[in-house]
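What follows is a short report on a single structure.
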Amino acid sequence: MNFPALIDYPAGITAVDTGYLRPRFDAAHLIVHGGRAAFVDCGANSSIPQLLAALEAKGLSRDCVDYLFLTHIHLDHAGGAGLLAKHLPNMKVVVHPRGAQHMATPEKLIAGVKAVYGEEHYRELYGEILPIPAERIIATTDGQRLELAGRPFEFIHTPGHAGHHHCIVDVEHGGVFTGDTFGISYRDFDVEGRMFILATTSPVQFDPEAMKASLARIVSYQPQSLFLTHYGRVTEIARLHADLNADIDELCRHTREAAAAHPRGAARTAALEAALAAHYHARLDAHGDCHTVEERQAILAMDAQLNAQGLEIWWERVEAAR
Ligand SMILES: [Zn+2]
């Protein structure tokens, strides 16, 4: 199968494959308008050559890039930001206020990620996270607008996947860059143009009610296109919105059932992981997906594991609040 590194959409938007983990897993989006450019998310340090190559392919010099809009600071989205800033001298990094400090002084962020992935895996995936000079960081307020060569973008704070997540509304083009708030939709699971979507509940700030409210807020802009980091443009937004709400409810139900059957610990985690695997297979069967069980697992294993981990952390917060 041929995986294009760049997918061009209308309105000067291109999905750039960051190459992080595997093809068509992690996209940075490039927006070009009036000879100026912005990236939405940037992948990890290993992704930066792909982003620089995309600029070259579009005939843009490195001083054309005004902004890096980071949807949130998880490292598959923001890990390469400091390195990218070194290459692109005019680029300001636009981030949710809860993420701004971590981009300037990433030590706590690095420690948090090591806690999820382990030291060795962390090094292999992310290398050295470089700080971004504070004067090159813009922390957004909810509803704030910024212009790229006169084209307005509105930043809306969208907790649920992470408390440091904002989405970027392309006001005049009916688009929203949704990071991970509006779930994950791998192009591998497209069936005759119909898209498959799943919620991402990865550690450590998943909040189902906040996520549903954020989904409703995104959809309230009546967008025609959403641009997901995982992966690229989706349409059919009303149907995908309903699918995500149902998915969130189901994931929470499986978590409650696993917790009722097992005290915390390995048995509960195993029960939840098995329930999630069965859940995704049933949904993919209903969707008409023809991949084998092994192929599906290769695509979804990491998400299923991270989702289970994030759901258990959410559940422990629910229990602690009782
Ligand atoms: Zn992500």
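Keep in mind that the numbers below use all heavy atoms, side chains included, and drop hydrogens, waters and symmetry copies. Just follow the structure's listing: the first ligand is 1, and inside any ligand the first atom is 1.
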May I ask whether Ile73 and Leu83 are part of the same hydrophobic cluster, defined by side-chain heavy atoms of I, L, V, M, F, W, Y residues being less than 4.5 angstrom apart, directly or through others?
yes
Cation over ring face, Arg22 and Tyr186, 6.0 Å, 45°
yes
For the Zn ion (ligand 1), give me the closest N/O/S atom belonging to Asp180, just the atom name.
OD2
Between His230 and Asp303, a side-chain donor and acceptor under 3.5 Å
no
If we count only N and O atoms by modelled type, under 3.5 Å, do the side chains of His166 and Asp142 hold a donor and an acceptor together?
no
Look at the N, O or S atoms of His74, main chain and side chain alike, and state whether any lies under 2.8 Å from the Zn ion (ligand 1).
no
Restricting to N/O/S, name the atom of Asp76 that gets closest to the Zn ion (ligand 1).
OD2
